[in-house]
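For reference, the structure discussed in these notes is given below.
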Protein chains: 2
Amino acid sequence: MAVQTEPVRRTPLTRDRVLRAAVAFADGIGIEALSMRKLAKELGVVPMALYKHVANKEQLLDGMVDVVMSEIAPPAPGSDWKGAVRHRILSARRALLGHPWAAQVIQTRSSPTPVVLAYMDSVIGMFRTGGFSVDLTHHVMHALGGRMMGLTQELFDAPPSPGPQAQPVTPTEGAGDYPYVRELAGAVVHDEASVVGQGCDDQFEFEFALDLLLDGFERLRQQGWSSAGRSGPARP
Amino acid sequence: MAVQTEPVRRTPLTRDRVLRAAVAFADGIGIEALSMRKLAKELGVVPMALYKHVANKEQLLDGMVDVVMSEIAPPAPGSDWKGAVRHRILSARRALLGHPWAAQVIQTRSSPTPVVLAYMDSVIGMFRTGGFSVDLTHHVMHALGGRMMGLTQELFDAPPSPGPQAQPVTPTEGAGDYPYVRELAGAVVHDEASVVGQGCDDQFEFEFALDLLLDGFERLRQQGWSSAGRSGPARP
DNA sequence: ACCTGAACACCGTTCAAGT
DNA sequence: ACCTGAACACCGTTCAAGT
């Protein structure tokens with residue numbers, strides 16, 4: 001009689017298991033190496049089996065973003081609007097920093113998942129209960145943009161520095177050069193060696209920009225600013 | 001005797017022709033449809049012929065960005081730093097708007113091309129000659145981030161509105177809803193119908209955020225702000 | 001030396017054939 | 001009804017064979 005063969009895998013495939021495996025894969029090997037086929041192999045499953053749990057690769061990426069979002073700390077109770085928003089956004093940033101691929105993937109999503117919407121809803125709510133009009137809240141959310149989710153709109157990792165321990169920034173060179181870029185890069189390199197041991201303190205830059213915006217928001221709120229006149233913040 | 005056969009194409013392939021064709025292709029059909037193979041066919045050329053002019057697809061994309069950057073107006077002479085920066089950035093934004101794919105492509109570049117560096121250099125120079133210290137200029141450039149190149153860090157095109165002429169925003173609904181998102185979306189829809197004929201005035205939002213930042217920069221400059229104390233803009 | 005067809009090593013997804 | 005192997009219609013890029 002036929003022996004009952006031991007099943008190869010006992011934990012059944014679920015959407016959750018697929019998503020978590022995808023996140024782990026992207027964390028480890030990188031998002032550009034993530035393919036449906038490789039992910040299936042990683043899970044010991046035939047590629048088509050994944051399509052039982054995610055409609056396509058886009059939905060897989062949506063789900064991966066949701067996993068990251070779930071790591072954001074819940075709202076801190078009982079602080080003023082600025083502290084609450086600041087806390088939430090810095091927590092979002094911490095979540096993103098744990099998954100280097102997340103920022104890029106978030107920026108390619110074409111519409112927000114319910115999880116993302118819930119997060120946005122909570123941030124909007126902080127402004128509204130903090131005394132911001134619907135009108136001002138709307139513009140303020142646009143001004144925050146991706147920073148609301150902890151994204152930094154950095155363009156490049158760093159100016160193309162000629163290697164960490166290269167020549168000590170010869171201050172004059174060919175006219176086809178970029179003197180101001182060079183000046184800035186030189187200052188950053190100096191800072192790196194003497195102060196923080198890191199070319200540029202990303203956390204500081206993030207908070208600098210965030211606080212600049214939040215302070216501006218507060219000023220407009222106090223002024224009772226409204227877009228009725230269709231003029232920008234500068235002209236009250 | 002063999003007749004001198006008319007050559008099929010007379011204008012020889014150049015890097016410039018490749019890049020311009022790629023830009024036109026992306027403008028027309030969309031960036032996600034752009035492939036080396038299709039671009040070659042568009043140019044009436046075998047795929048491998050492209051590799052004579054661009055090392056690979058990444059370099060093709062770099063070159064496409066350069067084409068867009070070349071459309072940015074040169075610096076306006078003789079204005080204060082804020083006017084100069086504002087003018088340049090809004091010009092960059094206009095260039096980007098003409099090429100819907102450009103923002104996304106720029107954000108995936110891993111290092112700046114010389115053309116991009118030259119642009120950054122000119123913006124940095126405006127701050128420096130406008131009285132900003134190297135230190136403050138550095139942070140200010142980070143705070144501008146992609147906005148310096150006209151990018152808006154919008155996350156999604158719009159909140160998932162239920163169609164332009166859907167039900168008139170029933171103000172109460174299930175608890176699993178997003179009341180604040182709904183409130184904002186409702187106000188925007190109202191605005192659309194009565195004021196601008198567009199759900200959300202992207203140009204206004206861009207300038208709102210830009211001016212908020214520029215005003216903040218000016219304030220810090222006047223205060224002689226420096227990062228020496230490692231505290232953000234809020235605490236002077 | 002230059003050019004290019006075929007090939008390689010992949011993709012995401014469809015679909016029909018198996019159980 | 002469910003599952004899955006093979007197939008489809010692509011990719012970017014290498015490489016060896018042709019001129």
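All values derive from a computational prediction rather than experimental measurement. In what follows, chains carry the letters A, B, and so on, assigned in the order in which the sequence lines appear, proteins first and then strands, with residues in each chain numbered from 1.
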Mate of C:dA7 where both pairing distances stay under 3.5 Å, Watson-Crick or G-U: D:dT13
Residue matched to D:dG18 through Watson-Crick or wobble contacts both under 3.5 angstrom: C:dC2
C:dC8 versus D:dG18 - spacing of their P atoms, nearest Å: 16 Å
From CA spacing to verdict: ring-ring contact (aromatic ring centres under 6.0 Å, His included), A:Phe204, B:His139: CA-CA 9 Å; A:Phe204 181 84; B:His139 301 300; 5.0 Å; yes
Sugar-phosphate, base or nothing in reach of A:Met36, heavy atoms under 4.0 Å: sugar-phosphate
Length of the [atom1]-[atom2] vector between [X] and [N], whole Å:
X	N	atom1	atom2	answer
B:Glu32	D:dA9	CD	P	20 Å
A:Lys41	C:dC10	NZ	C1'	11 Å
A:Ile31	C:dC11	CD1	P	13 Å
A:Leu39	C:dT13	CG	C1'	15 Å
A:Asn56	D:dC10	CG	P	18 Å
A:Met48	C:dT19	CE	C1'	17 Å
B:His53	C:dC3	NE2	C1'	12 Å
A:Leu50	C:dT13	CG	P	11 Å

Nucleotide of C:dG12, D:dG5, C:dG5 approaching A:Tyr51 most closely (side-chain heavy atoms): C:dG12
Polar side chain donor-acceptor pair, A:Thr113 to A:Asp66, under 3.5 angstrom: yes
Residue pair A:Arg147 / A:Thr152, side-chain donor-acceptor N/O under 3.5 Å: no
5' precedence on DNA chain C between B:Arg37 and A:Glu58 (nearest-nucleotide basis): B:Arg37
NZ/NE/NH1/NH2 to OD/OE distance under 4.0 Å, A:Arg86 and A:Asp211: yes
Ion pair check, B:Glu71 and B:Arg94, cut-off under 4.0 Å: no
Below 4.0 Å: OP1/OP2 of C:dC10 and any side-chain N or O of A:Lys38: no
Under-4.0 Å side-chain N/O to phosphate OP1/OP2 contact, B:Lys57 with D:dC11: no
